[in-house]
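A short worksheet on the structure shown next.
Computation of the quantities below employed the complete heavy-atom set of this structure, encompassing side-chain atoms and omitting hydrogens, waters and symmetry-equivalent molecules. All figures in this text were calculated on a predicted structure; none of them were measured in a lab. Sequence lines set the chain letters: A, B, ... in the order given, protein chains first and strands last, and positions in each chain run from 1.
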Protein chains: 2
Amino acid sequence: MRKKTIEEYVEVIFAIQKIKKIAHTNDVALSLEVNPASVTEMFGKLTDEGYTYYEKYNGVTLTDKGRGMAIILKKRHETLKHFFEIIGIDEKIADDDACKIEHNVHPETVDKLRKFVEYAKKENSCNRWLDHFKYFDKTGEFIICTPDEDLDCPIHKK
Amino acid sequence: MRKKTIEEYVEVIFAIQKIKKIAHTNDVALSLEVNPASVTEMFGKLTDEGYTYYEKYNGVTLTDKGRGMAIILKKRHETLKHFFEIIGIDEKIADDDACKIEHNVHPETVDKLRKFVEYAKKENSCNRWLDHFKYFDKTGEFIICTPDEDLDCPIHKK
DNA sequence: TATATAACTTAGGTAAACCTAAAAATAATT
DNA sequence: AATTATTTTTAGGTTTACCTAAGTTATATA
């Protein structure tokens, strides 16, 4: 499997700490599907770079720096996942893709997608467009629907 | 800089071949910002795995397999870039992000985004939603615009 | 055509994250 | 408390894409 970045270690440590206070070597190894020996090694690196405190034989906890990074990553992940779900991607795949790209995409892009999600979820925005997109996605057919011809719209006519 | 995948090598070879018939070591080295010696090494791997023909001291050309991959990657890249541009990301960043995530994202996701782009570009689809999103993105303000109240819409009223 | 220059390859090494196997520390059980 | 079981670490290797430096081949110029 692919090599894990510092960000991925920080993420799983954060997740583990939600349940356990301290993230132990084995917890992280299981989460990342990596050998415990590799985790020990990474704990060293993580601590050198200021993301964790490491107490030998007793796992790590995130520093403020580490926690800060984790929170940003988590938000980023949720934004991306949410976005994918809005356009109709299955939850599992949405989550998976969010995982993979959250480490690569520019902040500007995430910001824009965050706004997109925010907007799409707003009840009183004109959501016909999204509905029509989903209809197109499912049927392959375009709904002819211009502002002046609302009556012809098969989804929104009442 | 980050390690290059086979896919990235295939992409730049494809791009070079559009101009030159044969992609030489140096061309690829310059494109990927990598040492020529590394490229020679990769040419070996690429050829072992059936993506290129390699003639010593005279560069590589893509096989059908390699070209097939390149074409898929190119389409994927364009879809992603296009999508980013539609939601308002600058061309440069859109291109950059497309580059980075085109290797990671599920095919289902790319398909969905392709449809999204296709739909958004269709003239006779109801594009108010996208317009309203952009307005929101710019101003932070929601446009109250329901199907029954078109007259209140500051963008679409005539 | 000889020679200088440029391009490419080979040989040998590095770094980073991974691994296995064995040793050490900690925790659990009798 | 002693022994067994589990967890963690250490030591030493592997892999992969990268590098530098030196040697080789191809190309361009005198």
Side-chain angles (χ1 to χ4, degrees), chain A residues 1-17 19-62 66 69-70 73 99-100 102-104, chain B residues 1-17 19-62 66 69-70 73 99-100 102-104:
Chain A
M1 197 184 249
R2 204 181 77 274
K3 308 221 164 166
K4 310 303 181 305
T5 62
I6 282 187
E7 293 191 348
E8 289 174 90
Y9 275 89
V10 166
E11 278 182 302
V12 311
I13 291 165
F14 184 74
I16 291 164
Q17 280 201 271
I19 310 163
K20 286 193 58 190
K21 293 294 138 164
I22 294 173
H24 293 274
T25 307
N26 234 9
D27 305 326
V28 176
L30 289 171
S31 279
L32 289 178
E33 294 180 335
V34 146
N35 195 285
S38 309
V39 175
T40 298
E41 197 183 355
M42 280 296 121
F43 279 179
K45 188 180 180 189
L46 253 5
T47 301
D48 282 351
E49 302 194 9
Y51 297 104
T52 54
Y53 301 111
Y54 174 35
E55 196 188 329
K56 249 187 186 175
Y57 295 99
N58 197 31
V60 293
T61 53
L62 291 174
M69 174 188 255
L73 283 171
C99 257
K100 288 189 213 137
E102 67 193 352
H103 307 288
N104 304 315
Chain B
M1 195 185 252
R2 202 181 81 275
K3 308 217 165 167
K4 309 305 182 304
T5 62
I6 281 187
E7 294 191 345
E8 288 174 272
Y9 276 88
V10 167
E11 277 183 303
V12 311
I13 291 166
F14 184 75
I16 290 164
Q17 281 201 269
I19 310 163
K20 287 194 59 191
K21 294 290 139 167
I22 294 173
H24 293 274
T25 307
N26 233 9
D27 304 328
V28 176
L30 288 171
S31 279
L32 289 177
E33 295 181 336
V34 146
N35 194 285
S38 310
V39 174
T40 299
E41 196 184 357
M42 280 295 119
F43 279 0
K45 188 178 180 190
L46 253 5
T47 300
D48 283 351
E49 303 194 8
Y51 296 104
T52 54
Y53 302 111
Y54 174 36
E55 197 189 329
K56 250 188 185 175
Y57 294 101
N58 198 32
V60 292
T61 53
L62 291 175
M69 175 189 254
L73 283 171
C99 256
K100 287 190 216 136
E102 66 191 353
H103 307 288
N104 304 315

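- With sequence neighbours left out, A:Glu7 forms a side-chain hydrogen bond (donor to acceptor under 3.5 Å, both in side chains) with A:His103.
- Distance check: B:Tyr9 OH to B:Leu46 CG gives 8.5 Å after rounding to the nearest 0.5 Å.
- To the nearest angstrom, C1' of D:dC18 lies 14 Å from CD of B:Glu8.
- A:Lys4 meets the salt bridge (charged side-chain N to carboxylate O under 4.0 Å, His left out) test with no other residue; sequence neighbours excluded.
- Within the structure, every pair that satisfies the ring-ring contact (aromatic ring centres under 6.0 Å, His included) test and touches residues 19-52 of chain B, not counting sequence neighbours, is listed here: B:Phe43-B:Tyr54.
- Rounded to a whole Å, the CG atom of B:Asn26 is 14 Å from the P atom of D:dT27.
- Near DNA chain D, defined here as any heavy-atom distance below 4.0 Å, the residues from residues 31-47 of chain A are A:Pro36, A:Ala37, A:Thr40, listed numerically.
- B:Ala70 meets the side chain to side chain contact (heavy atoms under 4.5 Å, CB included) test with B:Val10, B:Phe14, B:Leu62; sequence neighbours excluded.
- Boundaries of the chain A contact region on DNA chain C are C:dA16 to C:dT26, first to last in 5' to 3' order (nucleotide atom under 4.0 Å from a heavy atom).
- Between A:Lys4 and A:Lys56, the residue anchored closer to the 5' end of DNA chain C is A:Lys4, taking for each the nucleotide with the nearest heavy atom.
- Contacts classified as salt bridge (Lys or Arg N to Asp or Glu O under 4.0 Å) and involving residues 19-46 of chain A (residues at least two apart or in different chains) are given here: A:Lys20-A:Asp27.
- Toward the 5' end of DNA chain D, the nearer of the two residues A:Lys3 and A:Tyr57, judged by each one's closest nucleotide, is A:Tyr57.
- Legend: residues meeting salt bridge (charged side-chain N to carboxylate O under 4.0 Å, His left out) with B:Glu8, ordered by chain and number and at least two apart, are B:Arg2.
- Judged as a side chain to side chain contact (heavy atoms under 4.5 Å, CB included), and not counting sequence neighbours, B:Tyr57 has no contacts.
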